[in-house]
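Naming convention: chains lettered A, B, ... in sequence-line order (proteins, then strands); numbering from 1 in each chain. No hydrogens, no waters, no symmetry mates; every other heavy atom, side chains included, goes into these values.
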2 protein chains.
Amino acid sequence: MPVFAVLPTEEFVLDEAPATLHDRLVSRLRALFLEGELPEGSRIPEIALSERFGVSRTPLREALKVMAAEGFVILRPNRGAVVAPVDPTEVAPLVEFKGALERLIGLLVPSRASEADIAELERLHLDLGDALERQDHAAYTRINYAFHQRLAQATRNPVLAQNYEAVQQKIWRYRFTINELSDRLTASYAEHEGIMAALRARTRLDLAERLEEHNRLTGEAMAQALATTGRFSPSHKSRKRSRSA
Amino acid sequence: MPVFAVLPTEEFVLDEAPATLHDRLVSRLRALFLEGELPEGSRIPEIALSERFGVSRTPLREALKVMAAEGFVILRPNRGAVVAPVDPTEVAPLVEFKGALERLIGLLVPSRASEADIAELERLHLDLGDALERQDHAAYTRINYAFHQRLAQATRNPVLAQNYEAVQQKIWRYRFTINELSDRLTASYAEHEGIMAALRARTRLDLAERLEEHNRLTGEAMAQALATTGRFSPSHKSRKRSRSA
DNA sequence: TAGGCAATTTCTGCATGCAATATGACAAGA
DNA sequence: TCTTGTCATATTGCATGCAGAAATTGCCTA
C-alpha cells in the first residue's frame, strides 16, 4: 500500500461528494431540464433514459423521484414520467412568490452581510457590467443568477437561501423569454446599479423596494414577451434544433 | 409533486388514493416524522423499516429519496439515512422565512379570496374558538394549521400555497414547544380575531401586518420555550410517551 | 367503412440477489 | 497501554427478473 496516497484530485474538489450514482443522475437530469434539452411535456421512458446514461433503471427511478419532488417532472402512476411542461401561466405566481423573498432579502442583507459578501457582490456586479457591454446575453443572465443567489446567501438564512434558489431554478426555465430583449438588459443593469447603491449604503427599506421592483419589472418583461411571441403553440416541438445549428 | 397535507389523522389523507406503493410510503413516513415517532438523528435501517411497513427495500428507498429532497431525512452515501435532527437553531430561520410568506398572503387574500373562502375560514375560526374553550391544545394546533393553509390557498397562487405548506410542515415538528403554553394559546386566538376582522374588511396592509405579527409572536414563544426548557439534551429520547398518555 | 372489443405489446412497479463500502472487533507491534 | 493493520460482519447501492397495468394494434361486426 502506498503511504503517500495518490489522492486523485477528486478527493480535494468534492467537498460534497456525489459519490452515489443517483445523486449524479439528479445533477445530470437537472442540467438537462434547466438547459431545455428535453422538450417539455414529453414522456420519459425509463429504459431509454437509463440506456442513455448507461445505468440501470433503479437509480434512475430514484433520481426521477427527487426531480418530481422538486417539481421538474410529473409522475403519473403506471403511466410514466413527463417533463413538467413550461406553462406560461405559471410565471406570474412564481414571480409573485419570488417578490416576497426578494423583499425579505432586502430587509435582511444590510444588517447581516459581511464586508466580504459585499466585495464579492461588487465583483459580480462588475462582471455583470462587462457582460452588458459585450451584449453577451447568456453571460448576463448567468451572472445575474449568481448575483441574486449570492445576495440570498448573504442573509445568513439558509432556509431563505435554499428556497430562493429553488424558485430561481424554476424561473430559469423561462429565461428564453428575455434573452433577446436588449432594452430589458440595459434597464436591468440600471436597476442593479440602484441595488448596489442601496447595498453599499446598507439601507434596508430602500434595498427591499429596489429588489422587489427589479423582480416585478423582470416578471413583467417576461409576461410581455410571452404574450407577444406565440411561442407556446404545442404543435411544434423542434426547439432542440436551434442548438445543433 | 404536490405536497398533500398530511395533517395527522390519516383519514383525511386518503382523499387522493396514492395508487403507488412508494407514494403511500411517503405519506406514512411524513406522518411518522411529523408526529415525532422516530427520534431525530437516529439512523433508519432500510431493512428494518421495510419489514415494518411490509414492503421491499426498493419502494422504501424511493420514498426516502423524496423525504430527503423535502429535508426531513439526510442521506449519507453508503452510510444510510438519518432522521433530520430537530435543530432549535433552525426555528428562527424558518419563522423568518415564513414571515415573508405571511405578508404576501395578507397582501393577496383580500383581493382574491371568494366569499366561499371566507366562509370556510369563518368556520375554521369558530372551530378554533371551540378548541380554545375546551383547552384542547392538540385540536387548536391542528385547526390553526388548517386555517393558515386554507388562507394560503385563498391567494390563488399555487406556488405560494405549496411553499407555505412545506414550511408549515417543517415548523410543525417544533409545535411541542408551545403545546402546553395556555397563555400563548389565548394570545394566539386574540390575534386570530384580529386576522379575521381584517379579512372580513378585506384590508390588505392590515391583514398583512397582523399575519406577520402573529407569525413573529408565535416564533418568539417557540424560541422562549426552547430557551427555557432544556429539552434538547440528546440523552433522553422518550418523547413519544407524551402521545400515548 | 366506421366503431367497438379483444389480444398483444410495451412499460411501469416492486421484489430479490449480488457486489461494494463502511463499521466494529481483534490481534500484533511499538 | 496505545497505536495500527487486518478481518469479519452488516448495510448500502445497483442490476436484474417478474407481475400487473396501460397503450396500441388488429380483428370482427354492424
Original post:
Going by number, which of residues 54-64 of chain B have a non-hydrogen atom under 4.0 Å from DNA chain C?
Top reply: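 Close to the strand are V55(B), S56(B), R57(B), T58(B), P59(B).
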**OP:** State, without any angle test, whether Q153(B) and Y164(B) hold a side-chain donor-acceptor pair at a distance under 3.5 Å.
**Re:**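 No, no side-chain donor-acceptor contact under 3.5 Å.
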Original post:
Have T218(A) and N215(A) got a donor and an acceptor in their side chains that come within less than 3.5 Å?
Top reply: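 Per modelled atom types, T218(A) and N215(A) side chains form no pair under 3.5 Å.
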Subject >> Listed partners of N163(B) passing side-chain hydrogen bond (donor to acceptor under 3.5 Å, both in side chains), at least two apart >> reply: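 In terms of side-chain hydrogen bond (donor to acceptor under 3.5 Å, both in side chains), with neighbours along the sequence ignored, N163(B) is linked to no residue.
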Subject >> 4.5 Å side-chain heavy-atom contact, F72(B) and L29(B) >> reply: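 The answer is no; the side chains never approach within 4.5 Å.
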Original post:
Parallel, tilted or perpendicular: which fits the ring planes of F97(A) and F97(B), with parallel below 30° and perpendicular above 60°?
Top reply: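 Perpendicular, since the angle between the ring planes exceeds 60°.
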Original post:
With under 30° as parallel and over 60° as perpendicular, where do the rings of F147(B) and H125(B) fit, or are they tilted in between?
Top reply: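 Answer is tilted, since the angle falls between 30° and 60°.
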**OP:** Output yes when at least one side-chain N/O atom of R76(B) is less than 4.0 Å from OP1 or OP2 of dT12(D), else no.
**Re:**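 False: R76(B) side-chain N/O out of range (4.0 Å or more) of dT12(D) OP1/OP2.
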Subject >> Distance below 4.0 Å between R79(A) side-chain N/O and dA23(D) OP1 or OP2 >> reply: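 Indeed, a polar side-chain atom of R79(A) lies that close.
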Original post:
What residues, two or more places apart in sequence or in another chain, satisfy ring-ring contact (aromatic ring centres under 6.0 Å, His included) together with H22(A)?
Top reply: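 So H22(A) forms no ring-ring contact (aromatic ring centres under 6.0 Å, His included) with any residue.
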Subject >> Length of the CG-C1' vector between L49(B) and dT12(D), whole Å >> reply: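 Between C1' of dT12(D) and CG of L49(B): 14 Å.
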Subject >> Spacing of N78(A) atom CG relative to dA19(D) atom P, expressed in whole Å >> reply: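 For the pair N78(A) CG and dA19(D) P, the rounded distance is 17 Å.
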Original post:
Base, sugar-phosphate alone, or nothing: which one does L25(A) contact when heavy atoms must sit under 4.0 Å apart?
Top reply: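 No contact.
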Subject >> First of R43(A) and A81(B) reached from the 5' end of DNA chain D, by closest nucleotide >> reply: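 It is A81(B), whose closest nucleotide lies nearer the 5' terminus.
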Original post:
At how many degrees, to 10°, do the end axes of the helix from dT1(C)-dA30(D) to dA30(C)-dT1(D) meet when each uses five pairs?
Top reply: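 Terminal axis comparison yields 10°.
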Original post:
Only one of R173(B), K170(B), R30(B) clears salt bridge (charged side-chain N to carboxylate O under 4.0 Å, His left out) with E70(B); which?
Top reply: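 Only one option passes, and that is R30(B).
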Subject >> Outermost DNA chain C nucleotides near chain A [under 4.0 Å, heavy atoms] >> reply: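 Taking any atom under 4.0 Å from a heavy atom of chain A, the span is dC11(C) to dG13(C).
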Original post:
When you check the gap from the basic side-chain N to the acidic O, do K98(B) and E165(B) get nearer than 4.0 Å?
Top reply: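 Here K98(B) does not pair with E165(B) in a salt bridge, since their nearest N and O are not under 4.0 Å apart.
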**OP:** Give a yes or no on whether a salt bridge exists between R156(A) and D117(A), defined as a side-chain N under 4.0 angstrom from a carboxylate O.
**Re:**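 Result for this pair is yes, salt bridge flagged.
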Subject >> Listed once per pair and sorted, the salt bridge (charged side-chain N to carboxylate O under 4.0 Å, His left out) pairs that draw on residues 53-64 of chain B, sequence neighbours left out >> reply: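 Residue pairs passing salt bridge (charged side-chain N to carboxylate O under 4.0 Å, His left out), neighbours aside: R61(A)-E62(B), E62(A)-R61(B), K65(A)-E62(B), E46(B)-R57(B), E46(B)-R61(B).
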